[in-house]
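Have a look at the structure below, then the notes.
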Amino acid sequence: MRQFKIVLIVILGLFISLLSHAQNIISGKVTSTDGETLIGVNISIKDSYEGTITDLDGAFEFETDQKGDLELIVSYIGFSSRVITLNPSEYTDINIHLKESVTSLNSVTITAGSFAADDKQRASVLEPLDIYTTAGSLGDINGALKTLPGTQPASDDGRLLVRGGEASETKVFVDGLLAAKPYYSKVPDLPTRGRFAPSLFSGTVFSTGGYSAEYGQALSSVLVLESSDIALEELTSISVMSVGADLSKTWCANKRSTSIGLAYTNLAPYYMIAKNRLDWTKPTESSNLNFMHRQKFDNGSMLKIFSNADYSLNAFNTVLEDEGANIDTEGGNVYLNINYSVPFGDKSYMKSGLATTFDNYRQIAGTHRTENEELNLEARITFVHNLSEGVELKAGLADAFMGYSHSYKYLKSEQQWDGGINDHILAIFIEPEIKLSARFAIRPGLRYEYSTYLQESNIAPRMSFAYRTSKNSQLSAAYGEYYQNPVNEYLKFGTEFQFEKATHYIVSYQIGSVKERLLRSELYYKDYTNLVSYQRGSHPYENTFFNDGHGYAKGIDVFFRDRKTLKNTDYWLSYSYLDTKRLYKDYPSTATPSFISKHTFSTVGKYFIGSINTQVGATWTVASGRPYHRPDDDNFMSGKAPVYNDLSINLSYLTHIADHFTIIHFSMSNVLGRDHLVGYRTIPSYSDRQDALMPLMPDVKQFLFLGLFISIK
């Protein structure tokens, strides 16, 4: 009996011991605040390794030997983490709701008026490779951007014309600093190209309106180019083309890289075999040198130096004022950009920079000789600070100096006119971006500018917001006031000018993903005031100028890109409707300007044939006829040019020459061989004769390009 009692006591003790170490079950389910099941959420007990992740149904369950009140940590990428305190009666059937983080990758971003590439906060639209492989662009950034909505096809210009604005209303910035002369010297009625190669830049933000308070002096739009970071490998590139040759070299070292590039272009050999409209006595010849240095320091700061220099000349015979005349142009340009950024802890950084542009351009047109010389210098400093998880504050100041001189001489006499401008534009801006939730963000901004030449200041409010209507769609809107000095061609005649002004109103809707399919539509309205107008005198240098012009531009832009539906195929469609009228320059009444097409449609397609390592592409652009004025017509701007219809194709074959990666590229513009008459330019007469009309047509109907590009590592 005594032995039985001992055994019973031992068994009872073991049972009590087992009870004291019984496992508790923690179980429940995790969803978003919208009720969406969340898979793979991490669940753990604070200060322990015990926990699990949610399954396909968002459910979780695990055992623990801990007792009493517990702190459960719930975390998931893209959502705000939670700490939940549980008492023993709450261990099971736990319902947890996570709120999406305002900094998640899927959070709302402000995109009204902007197309961005290689920016993690936005949808990439055109990357450098897209630009090179877009048929008809000929490797020009502006040529590729003209396939996006909001732009105008302009075979007689080449510069960006955005939403009813002239070319001077779009500004180009490199790493946040002004590139004052982003195009080669413009010959009247002939297209020009951008000075900068797409390969020099890793990111592109093209704003067709409603842009940030960080930028100013642009009534219509800004193009922001972000230069490449440190190169990772040494590379030599050799390009031999039907119009010239390129050579570039990149050297790499620890945390730094340096690149130098040389380019030479000469159209004389091409014009010897291609029929052209103009009587060239000196086809365009140009040379270009670019330099880039990148260095990262131990404190995380980065130094970027970028420089570009070029020189070009050309000459051709034409008819000017009923007389044969030779148009002879020559010009050089130097651009230098130095940028330094330094972090302050994990939440702040400062970005400072200095950019300078020197440009000299000379033209002799018959008996008229003009020469322009311009120096632009901008210093800028910007501070960025993350005040909290969803609030980023950006503020900065800049001083932009512009010195411009103009000289005109009539070669048949001693008649001469000289003028010049010296101006400082001081700017201060502040702009927070506030993500109130993962669905809703606002970006208010304020910009102040003062011009020493105009002796006038302005304060420009800006406001953008975006609301994510679903996981892959969002609604955005923007409002802003934008000011700009009149162009130098007017300012050189005196200081009795004011800032020109445009007010933007934009609403846009975007759905989908650019990696698969993206649809975007945008409505806008622009109100112009204080535009420059003038009355003709007896000579171009005796015109009388005013700041009483006005106008409007309104329309809709639609963009669709599809990379998913067809295998190995990428294509996009763009449509723009534009209604705009102005009373400015020497217009006798309000009218649509001569560079405007009311309807513009573009489609770009690219298909890669893997079996032969070849990509083929095509770009088709159709635009309604542009208006023009007949000197003998009482109805101003009643003429209408034919419909613009251009089909361009290209082909790129990827191969190796002596183990070096090589691309053979061919392109052809205007495959249909159409006469691209886009309108007429009025040549004003300052005598008793009637104004004359000059047709606006490309000098070459079709342009063929062949290039061999070799990369040597």
Run the numbers on Phe601 and Tyr644 for ring-ring contact (aromatic ring centres under 6.0 Å, His included), then give the verdict. CA-CA 10 Å; Phe601 173 79; Tyr644 178 85; over 10 Å; no
Run Asp246 and Leu262 through side-chain contact (heavy atoms from CB on, under 4.5 Å) and show every step you take. CA-CA 6 Å; Asp246 288 355; Leu262 295 168; over 6 Å; no
Test: [X] and [Y] ion pair at under 4.0 Å:
| X | Y | value |
| --- | --- | --- |
| Asp359 | Arg195 | yes |
| Arg536 | Asp586 | yes |
| Asp632 | Arg630 | no |
| Glu373 | Lys181 | no |
| Glu330 | Arg362 | yes |
| Asp579 | Lys598 | no |

Using side-chain heavy atoms (C-beta onward) and a distance below 4.5 Å, is [X] in contact with [Y]?
| X | Y | value |
| --- | --- | --- |
| Val174 | Leu177 | no |
| Leu411 | His368 | no |
| Tyr183 | Asn142 | yes |
| Asn290 | Ile260 | no |
| Leu375 | Met402 | no |
| Val222 | Phe173 | yes |

Decide yes or no on side-chain contact (heavy atoms from CB on, under 4.5 Å) for Ile663 and Tyr653, but give the supporting numbers first. CA-CA 6 Å; Ile663 299 176; Tyr653 173 59; over 6 Å; no
Sort out for me which residue in Leu225, Thr151, Val224 forms a side-chain contact (heavy atoms from CB on, under 4.5 Å) with Phe206.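 With Phe206 as partner, Leu225, Thr151, Val224 yield a single side-chain contact (heavy atoms from CB on, under 4.5 Å), made by Thr151.
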Would you name the heavy atoms of [X] and [Y] that are closest together and state the gap between them?
| X | Y | value |
| --- | --- | --- |
| Ser242 | Leu704 | OG-O, 4.0 Å |
| Leu578 | Ala553 | CD1-CB, 4.2 Å |
| Leu708 | Ile657 | CD1-CD1, 4.2 Å |
| His550 | Thr590 | CE1-OG1, 4.2 Å |
| Ser648 | Ser669 | OG-CA, 3.4 Å |
| Gln416 | Ser407 | NE2-OG, 4.0 Å |

Does a donor on one side chain sit under 3.5 Å from an acceptor on the other, for [X] and [Y]?
| X | Y | result |
| --- | --- | --- |
| Tyr528 | Ser220 | yes |
| Tyr575 | His599 | yes |
| Thr655 | Thr662 | no |
| Asn317 | Trp280 | no |
| His406 | Tyr541 | yes |
| Glu166 | Tyr584 | yes |
| Ser652 | Asn650 | no |
| Thr170 | Ser221 | yes |
| Trp572 | Thr147 | yes |
| Asn376 | Glu374 | yes |
| Asn314 | Thr329 | yes |

Heavy-atom count check: over 12 atoms from other residues, nucleotides or ligands less than 6.0 Å from Lys492 NZ?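 Above 12, so yes.
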Check for a donor-acceptor pair, side chain of [X] on one end and backbone N or O of [Y] on the other, with a separation under 3.5 Å.
| X | Y | result |
| --- | --- | --- |
| Lys526 | Arg163 | yes |
| Gln363 | Asn372 | no |
| Ser307 | Leu336 | no |
| Arg369 | Ile364 | no |
| Ser576 | Asp557 | no |
| Thr544 | Tyr534 | no |
| Thr357 | Tyr335 | no |
| Arg193 | Gly143 | no |
| Tyr490 | Phe546 | no |
| Arg582 | Thr592 | no |

Close aromatic pair by centroid cut-off 6.0 Å: Tyr215 and Tyr482: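 No.
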Rounded at 0.5 Å granularity, tell me how far [atom1] in [X] sits from [atom2] in [Y].
| X | Y | atom1 | atom2 | result |
| --- | --- | --- | --- | --- |
| Gln484 | Leu219 | CD | CG | 4.0 Å |
| Glu169 | Leu161 | CD | CG | 9.5 Å |
| Leu647 | Arg674 | CG | CZ | 11.0 Å |

Go through the steps to decide whether Tyr264 and Glu285 satisfy the test side chain to side chain donor-acceptor pair (under 3.5 Å), and finish with yes or no. CA-CA 8 Å; Tyr264 174 73; Glu285 182 179 6; 2.6 Å; yes
Please determine whether side-chain contact (heavy atoms from CB on, under 4.5 Å) holds for the pair Lys171 and Leu178, giving the CA-CA distance in whole Å, both sets of side-chain angles, and the decisive distance to 0.1 Å. CA-CA 8 Å; Lys171 292 295 190 294; Leu178 179 67; 4.2 Å; yes
Take Phe545 and Phe493 through the ring-ring contact (aromatic ring centres under 6.0 Å, His included) test and state the conclusion after the steps. CA-CA 8 Å; Phe545 293 88; Phe493 293 108; 5.1 Å; yes
What residues form a side-chain contact (heavy atoms from CB on, under 4.5 Å) with Val643, not counting sequence neighbours?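 Partners of Val643 under the side-chain contact (heavy atoms from CB on, under 4.5 Å) test: Val622.
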Results of side-chain contact (heavy atoms from CB on, under 4.5 Å) for Ala315 - residues two or more places apart only: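 For Ala315, the residues satisfying side-chain contact (heavy atoms from CB on, under 4.5 Å) (neighbours in sequence not counted) are Thr281, Lys282, Asn326, Asp328.
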Would you please test Asn485 and Phe497 for side-chain contact (heavy atoms from CB on, under 4.5 Å) and show each step? CA-CA 8 Å; Asn485 281 21; Phe497 288 99; over 6 Å; no
Going by side-chain hydrogen bond (donor to acceptor under 3.5 Å, both in side chains), Lys701 matches just one of Asp675, Asn276, Asn670. Which one?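 Only one option passes, and that is Asp675.
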